[in-house]
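The figures that follow rest on heavy atoms only: side chains count, while hydrogens, waters and symmetry mates do not. What you see is a predicted model; the values in this text were computed from it and never measured.
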Amino acid sequence: MNPSPHAAKAKVAFICGVTGQDGAYLAAHLLAKGYAVHGSTRALPLPPKNNLARLGIEERVRLVQLNPECLDSVRAQLAAAVPTEVYNLAGQSSVGASFSRPYETWKSIEIVVNNWLEAIRCDAPDTRFFNAGSAECFGAVNGAISEVTNMAPMNPYAAAKAAARWQVSIYRECFGLHAATGLLFNHESPLREAHFVTRKIVDGARRIAEGDKQALHLGNLDVWRDWGWAPDYVDAMWRMLQVPSATDYVIATGKTVSLQYFVELSFAHFGLDWREHVVSDTAFMRPFDIVRTEADPSKIRRELGWQAAQSVEQVVALMANAT
């Protein structure tokens, strides 16, 4: 990457959604680089075992309570923190839950992104903005997804993410903001919430290895995804805001494997044969599901020098070894 005048400014970041998996890892990443880190959450005080506390950085993040669906509140926090960079990682993050809560999903994703963009446009046009996008917005695609692949969302979560990406593009092209969307493929860690399938799999394998006789019930095992390591991906987010001109990037490993393979790896880590302990249950199958997603992360490798450091095999081992 070529250095820019931005790099010489005081390093102040605001992370909307700082207590989530990505928010916590990004906060740790930025603190290590010398940033003053402000972060928002919808409720304070935080529970004792929150993600920031698990990483040992809770006391180093300047926490505020914020409802990002309120534009006036967003503008007030932008004025108070005066950040050079804003990272929007907030929002309802479950595809499955978006079918039962489509309106909530839309507000927490599209409206929140629009509020940050409008606040920056009106009050701090030099502030750089990162939006956490999703591979889900592309829908079912034959072949590898790149930054120029047409979006065709197949669920409420994906539709909200697609609309948010278009808003970022409009504010970048029409209003001149340094605003970019990271098109994030699946990325995991021990900080993943327990209802996510990867945590459910690893935790289930550990539980059974410790003597529990109850089988692990999962949905369709014949779905294929690109799974990476969340701490790797927050470095890509940071890099996207260090370049002079903003643009969108696919953030992925470039390797797609089946959910069955993820299950096999998880159970094998604990010395178990997954076929003896896993039940494919229709109750956990979504109304619409993308069978296979593949990623082409060549642009971010070429332009920003970023590539995923951990393979899916290493991701499973890291999650399984976590206490």
Side-chain angles (χ1 to χ4, degrees), residues 17-33 46-61 89 93-94 132 184-219 221 223-238 251-279 284 295 297 306-323:
V18 73
T19 59
Q21 169 190 257
D22 292 0
Y25 282 123
L26 178 61
H29 190 71
L30 296 177
L31 286 168
K33 291 184 176 295
L46 298 179
K49 294 184 179 180
N50 67 80
N51 286 334
L52 298 175
R54 292 177 67 181
L55 296 182
I57 60 171
E58 183 178 0
E59 300 304 319
R60 300 176 63 195
V61 176
L89 310 180
S93 58
S94 169
L184 294 155
F185 282 66
N186 298 67
H187 50 290
E188 315 301 328
S189 78
L191 300 189
R192 254 306 179 213
E193 295 180 22
H195 67 270
F196 278 80
V197 69
T198 49
R199 268 287 307 276
K200 184 178 177 180
I201 291 166
V202 174
D203 290 352
R206 181 186 292 110
R207 167 179 58 79
I208 292 169
E210 291 172 350
D212 195 315
K213 302 300 182 184
Q214 186 176 354
L216 176 63
H217 288 247
L218 299 171
L221 300 183
V223 294
W224 295 67
R225 296 290 185 267
D226 184 316
W227 277 289
W229 180 238
D232 288 346
Y233 285 40
V234 300
D235 177 56
M237 299 175 190
W238 171 76
I251 304 175
T253 72
K255 178 181 178 181
T256 294
V257 301
S258 69
L259 184 62
Q260 180 176 305
Y261 183 62
F262 196 102
V263 171
E264 180 183 344
L265 288 172
S266 300
F267 277 80
H269 182 89
F270 295 101
L272 300 171
D273 184 342
W274 71 272
R275 292 168 292 189
E276 299 176 2
H277 305 284
V278 174
V279 175
F284 294 96
W306 179 90
Q307 63 181 6
Q310 307 295 336
S311 67
V312 65
E313 293 83 5
Q314 292 168 311
V315 170
V316 170
L318 287 164
M319 292 179 70
N321 288 331
T323 56

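A donor-acceptor distance shorter than 3.5 angstrom exists from the side chain of Gln314 to the backbone of Ser311, with no hydrogens or angles considered. Arg192 places no side-chain N or O within donor-acceptor distance of the main-chain N or O of Arg199, the cut-off being under 3.5 Å. Under the 3.5 Å distance criterion, the side-chain polar atoms of Lys200 are matched with a main-chain donor or acceptor of His217. In this structure a side-chain-to-backbone donor-acceptor pair under 3.5 Å is present from Asp226 to Gly254.
Remark: Arg60 engages no residue in a side chain to side chain donor-acceptor pair (under 3.5 Å) (not counting sequence neighbours). In this structure, the side chain to side chain donor-acceptor pair (under 3.5 Å) partners of Lys255, at least two apart in sequence or on a different chain, are Glu313.
Contact of the Leu31 side chain with the Val61 side chain is registered, since non-hydrogen atoms from C-beta on lie closer than 4.5 Å. Taking 4.5 Å as the limit, some side-chain heavy atom of Leu259 sits within range of a side-chain heavy atom of Ile201. The closest side-chain heavy-atom distance from Met237 to Leu184 is below 4.5 Å.
Here CD of Gln260 is found 11.0 Å from CG of Leu218. Values are rounded to the nearest 0.5 Å. Atom-to-atom distance recorded for Met319:CE and Asp203:CG is 7.0 Å, nearest 0.5 angstrom. Residue Leu272 holds its CG atom at 4.5 Å from NE2 of His277, rounded to the nearest 0.5 Å.
Proximity of the aromatic rings of Trp306 and Tyr233 is defined here by a centroid distance below 6.0 angstrom, and this criterion is met.
Minimum interatomic distance between Pro231 and Ser189 (heavy atoms only, all atoms of both residues): CD-CB, 4.5 Å. In terms of heavy atoms, Thr253 sits closest to Ala308 at CG2-CB, 3.7 Å. Of all heavy-atom pairs between Leu191 and Ala24, the closest is CD1-CB, 4.1 Å. Of all the heavy atoms in Ala27 and Ile57, the pair that sits closest is CB-CD1, 3.8 Å. Between Ala230 and Asp22, the closest heavy-atom pair is CB-OD1, 4.0 Å. Closest approach of Ala132 to Leu89, counting heavy atoms only: CB-CD2, 3.8 Å.
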What side-chain donor-acceptor pairs closer than 3.5 Å can you find for residues 263-271, not counting sequence neighbours?
| from | atom 1 | to | atom 2 | distance (Å) |
| --- | --- | --- | --- | --- |
| Ser266 | OG | Phe262 | O | 2.8 |
| His269 | NE2 | Asn321 | OD1 | 2.9 |

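Using cut-offs of 30° and 60° for the angle between ring planes, the Tyr25 and Trp229 rings count as tilted.
Checking His187 against Asp232 by side-chain atom types alone, no donor-acceptor pair falls below 3.5 Å.
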